[in-house]
Amino acid sequence: MTIDEFSLINEFFTNCTHKRDDVSLAIGDDCALATVPLGYELAISIDTLIEGIHFTAAINPAALGHKALAVGLSDLAAMGATPAWATLALTLPRVDRIWLAQFTQGLSELAVNHGVQLIGGDTTRGSLAVTMQLHGFVPKGKALRRDKACVGDGIYVTGTLGDAGLALQARLKGRELMPENLFYAENRLDWPRPRVPEAQAIRSLAHAAIDISDGLAADLRHILNRSGVGAVIEMESLPLSQPLQSSLERIEALTLALTAGDDYELCITAPLQAYQQMQVLLSNFGCSLTFIGVITEGSDLRCCLKDGTIFTPQYEGYRHF
Ligand code: ADP
Ligand code: MG
């Protein structure tokens, strides 16, 4: 690599995050060296954000840095893991120092908040793409997995759903929104707050979990498939924010809550008796938890409307292929 790339890495990445005691060698060698604590498993997740697919050229670079880390943190949250280290593969069309400074600032703020250290990566030239790998710890055998939902479990979601989808409708389909509703929705889309401490707080009470990145219906289906169960969802119980409710007709808002991605909330299954205790634990983080349905026998996902009819969305969630 050229001296330019090396000084770029030094300038922008070497000290941009938290310094952790469990890292003995970070950026600058062929590999990073780090230690997993005794009694813990390493949880690893990787995600790529590509211009034109996951974000548009107009994105604020700080929001992109934030989001690249947030999506990986959300995966760790979904497993009940504690974040520790990140590695970053960054493909850039050119070296733009202002862009890089903003990108690393967005990344760095969220990393410091979650005690994450950037320990390595790769920098290449090409169309803008950001691949972030996250590493975290979870006590051996205690991870929240997709394959542990049980018949009779309640299905719960954190926060509200469909907000990021509302922002995408405004941005990509030209839907007009009141300025305060647009501000709220874009904030949810561009600056997601992964539910990391929330998931850890309820880890011992929940059976299965997934983060909602592609849409509730699509993501819940992963739990159903992996666990060999079905589910009934009450559409009317899906939690909707005020801005979403005041922007769309009810059925449209509920459809977004069921099918739109990018909210990075958690979908959890747990025994019905655990609901109240989970709500209390999550309220400490200012996070709501809403009961939306139950796990059943079989393999179907049935979404019921108020009058008892089954709602079938035309589209269940984002798919790349
Ligand atoms: P190598 O050629 O041995 O793979 P590189 O020249 O790609 O090493 O990178 C030099 C060092 O800088 C390595 O420690 C690598 O992990 C780190 N690095 C490169 N790009 C990034 C990046 N975007 N973010 C964090 N660390 C990076
Ligand atoms: Mg390399």
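All figures in this text were calculated on a predicted structure; none of them were measured in a lab. Whatever order the structure lists them in is the order used to number ligands and atoms, beginning at 1.
- Counting heavy atoms closer than 4.0 Å to ligand 1, residue Leu118 contributes side-chain atoms (C-beta onward) but none from N, CA, C or O.
- Of the N and O atoms on the side chains of Asp163 and Ser241, at least one donor lies less than 3.5 Å from an acceptor on the other residue.
- Taking only non-hydrogen atoms, the option from Thr123, Leu92, Asp30, Leu25 nearest to atom 3 (O) of ligand 1 is Asp30.
- Every residue meeting the side chain to side chain contact (heavy atoms under 4.5 Å, CB included) condition with Ala32, not counting sequence neighbours, appears here in chain and number order: Ile119.
- Here atom 13 (C) of ligand 1 lies nearest to Asp29 when heavy atoms of Thr14, Asp29, Ile27 are compared.
- For ligand 1, the atoms lying closer than 4.0 Å to a non-hydrogen atom of Gly120 are 16 (O), 24 (N), 25 (C), 26 (N), 27 (C).
- Ranked by closest heavy atom to atom 11 (C) of ligand 1, the top entry among Gly121, Gly28, Ala89, Cys31 is Gly28.
- Side chains of Tyr275 and Gln279: a donor-acceptor N/O pair is present below 3.5 angstrom, by distance only.
- Think of Val71 as one node in a network of Ile, Leu, Val, Met, Phe, Trp and Tyr side chains linked at under 4.5 Å; its network also takes in Tyr264.
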**Request:** Mind running salt bridge (charged side-chain N to carboxylate O under 4.0 Å, His left out) on Asp190 and Arg171 for me, showing each step along the way?
**Result:** CA-CA 12 Å; Asp190 294 336; Arg171 223 173 253 180; 2.7 Å; yes

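- Within the 4.0 Å heavy-atom criterion, the part of Ile9 lying near ligand 1 is the side chain and not the backbone.
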